[in-house]
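Quick notes on the structure that follows.
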Amino acid sequence: MSNFKLSENFLWGGAIAANQAEGAFREGGRGLSNIDMIPHGTQRMSVKLGNVSHPVLQADAYYPSHSGIDFYHHYKEDIAMLAELGLKVFRTSISWSRLYPNGDEEIPNPEGIAFYRGLFSECRKYDIEPLVTLCHFDTPMGLVETYGSWRSRKTLTCFLRYAETCFREFSGLVKYWLTFNEINIVLHSPFSGAGIAFQDGENRNQVIYQSAHHMLLASAMATRLAHQYDPANQVGCMLAGGSFYPYSCNPEDVWESVKKEQENLFFIDVQARGHYPSYARKMFEEKQVQLEMEDGDLDILKTTVDFISFSYYASRCVAADMNDKTANEGNVVRSVKNPYLQTSQWGWAIDPLGLRITMNQLYDRYQKPLFLVENGLGAKDEVKPDGSIDDDYRIDYLKKHVEAMKLAVEDGVDLMGYIVWSCIDLVSASTGEMSKRYGFIHVDKADDGSGTYKRSKKKSFYWYQKVIESNGENL
Ligand code: BGP
């Protein structure tokens, strides 16, 4: 156990995302987003991965994002509870289609702006700093259908209009921004990650990396705009983190882990360093990708982010021959089972030391402040007859990860803050379930959508309250 003390202005936080929490999918003038098209159940994966070329809403399917946890109507009550929890920072995202219902309008929807003004003002009322992601997996369906989402530069133009609206309208209320949540997830889950639905016969790598090029341009241009609007604005990129371990010390396995690490960090390399990495040429050649660029694109990419944010749930493990190993099921990033690690009920490896490793590696590579904006345990909770929830397993997971995080800071990593996913139960991004719960606050809603949406505090709520109060001393 470390005696090291975190700085007094360390940002302890909790996170949610619009698409998993707000619900009210057709209220306040909001348009449909890609996530609204992803059903719960057997069809989920094919839509999510982009294998359905033109997803449409089916009358007999259940779509968890349509109701979320109804944060849209509960936000005042929720923020009051988060203030009681002691949060210094609250991470959420803006639903793009609430501001631009189709995505390509000239003028934003005033009701959408009013909603987020209300939300961010509510945070400020309690001295909670909002950390806002512009695009947490949701892209307006209008842009998906009309332009093929990020494969078109038209989407980049629309995104910049949207980003500028956010910087203008929420100026003075928000100063910490993230451009794209887990930008590298576009490789693994293209439709949920970036609204990319494949058409027959396409070179999928070409589509993904061309779209990524547009997203990287969008991120750099939005960063520049944010700084122009207000020099106090700080903008980060966001990585689905977790180092890739080699399965063994066989150099073939080690080389595989180097390649996977590069593939994973490719996007952040551009956002943090301002240019395509040295390994990009060979990687594109192998994947038969030929990027279309316009004059000036490489200059645009030179605007880099202020900080590197990342999520950490688990480390990954890879081998040269993945086929003769047991796969680590349940995670969108392909990984083999690490024989040294236990897994969660959803098969995600539990590896607190992996957090220290990941943080050291990221900081060594980029030398920019890090911000851990998602860490937590998805688990089934039991509500006892008296209404209490004893989630000691969640406390145990978080305690070990906070300890590892503190050790990494002691190692010399510059870390702005630690944010738990999620402060309130919400819809799982991967499975669409409610029963994969992460929160300190329980929400009475089941996988089929039934429930009262009533909020109640779990045991972990009181634990995290003490952690924040003691600035990470009382674990
Ligand atoms: C990250 C996403 C979040 C969140 C989290 C937990 O990938 O940024 O949106 O959902 O993972 O994953 P899941 O909900 O699939 O358990």
Side-chain angles (χ1 to χ4, degrees), residues 13-23 33-36 38-40 44-45 47-49 64-65 68-69 71 90-96 131-139 178-195 236-242 264 267-268 308-316 328-335 343-350 355 358 371-381 393-394 397-398 401 419-440 443 445 447:
I16 63 165
N19 78 83
Q20 289 159 269
E22 282 180 10
S33 85
N34 57 332
I35 303 292
D36 297 327
I38 307 179
H40 182 51
R44 183 172 182 83
M45 270 304 154
V47 179
K48 199 173 160 300
L49 301 184
S65 73
I69 53 160
F71 180 72
F90 171 60
R91 176 177 177 228
T92 189
S93 63
I94 295 176
S95 159
W96 185 352
L131 165 63
V132 176
T133 313
L134 290 170
C135 190
H136 191 124
F137 294 159
D138 53 3
T139 305
L178 304 179
T179 50
F180 292 95
N181 180 64
E182 295 190 337
I183 190 165
N184 48 322
I185 288 299
V186 66
L187 295 176
H188 311 284
S189 191
F191 187 73
S192 70
C237 54
M238 202 301 201
L239 165 82
N264 201 45
F267 309 89
I268 308 300
I308 316 286
S309 84
F310 66 106
S311 60
Y312 178 85
Y313 293 93
S315 53
R316 288 86 178 230
N328 202 31
E329 297 298 345
N331 207 319
V332 71
V333 180
R334 194 159 175 247
S335 183
T343 54
S344 76
Q345 289 165 327
W346 271 265
W348 292 18
I350 298 178
L355 173 59
T358 298
F371 203 158
L372 177 45
V373 298
E374 281 185 34
N375 175 232
L377 179 73
K380 290 201 160 92
D381 289 333
Y393 37 89
R394 183 168 295 109
Y397 176 99
L398 293 171
H401 284 76
I419 296 182
V420 173
W421 184 272
S422 55
C423 39
I424 314 174
D425 289 348
L426 37 60
V427 174
S428 157
S430 52
T431 68
E433 294 162 306
M434 271 305 296
S435 54
K436 191 179 186 191
R437 297 178 181 274
Y438 285 88
F440 299 118
V443 177
K445 185 186 175 190
D447 287 344

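Quick note: residue numbers are just sequence positions, from 1. For ligands, and for the atoms within them, numbers begin at 1 and follow the listed sequence.
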Task: Nearest-0.5 Å distance, CE of residue Met238 to OG of residue Ser309 - done: 5.0 Å
[atom]: which protein heavy atom is closest, and how many Å away?
atom	result
atom 7 (O) of ligand 1	Glu182 OE1, 2.5 Å
atom 10 (O) of ligand 1	Gln20 NE2, 2.9 Å
atom 14 (O) of ligand 1	Ala429 N, 2.7 Å
atom 15 (O) of ligand 1	Ser430 OG, 2.5 Å
atom 5 (C) of ligand 1	Tyr313 OH, 3.2 Å
atom 11 (O) of ligand 1	Glu374 OE1, 3.5 Å

Task: Location of contacts on Ala17 toward ligand 1, heavy atoms closer than 4.0 Å - done: neither
Task: Mode of Asn181 contact toward ligand 1 - side chain, backbone, both, neither (heavy atoms, under 4.0 Å) - done: side chain
Give the atoms of ligand 1, by number and element, whose distance to some non-hydrogen atom of [X] is under 4.0 Å.
X	result
Ser428	13 (P), 14 (O), 15 (O), 16 (O)
Trp348	12 (O), 16 (O)
Tyr438	6 (C), 12 (O), 13 (P), 16 (O)

With a 3.5 Å distance limit and no angle check, can you tell me whether [X] reaches the backbone of [Y] through a side-chain donor-acceptor pair?
X	Y	result
Glu22	Phe71	no
Ser344	Trp348	yes
Arg334	His188	no
Asn34	Thr139	yes

For [X] and [Y], test the side chains for any donor-to-acceptor distance below 3.5 angstrom and give the result as yes or no.
X	Y	value
Thr133	Arg91	yes
Ser435	Lys380	no
Asn19	Ser65	no

TODO: Report yes or no: does a heavy atom of Met238 sit under 4.0 Å from some atom of ligand 1?
DONE: no
TODO: Report yes if some N/O of Thr431 lies less than 3.5 Å from some N/O of ligand 1; otherwise report no.
DONE: no
- [ ] Mind telling me whether Tyr438 and Trp421 have parallel, tilted or perpendicular rings, with 30° and 60° as the class edges?
- [x] perpendicular
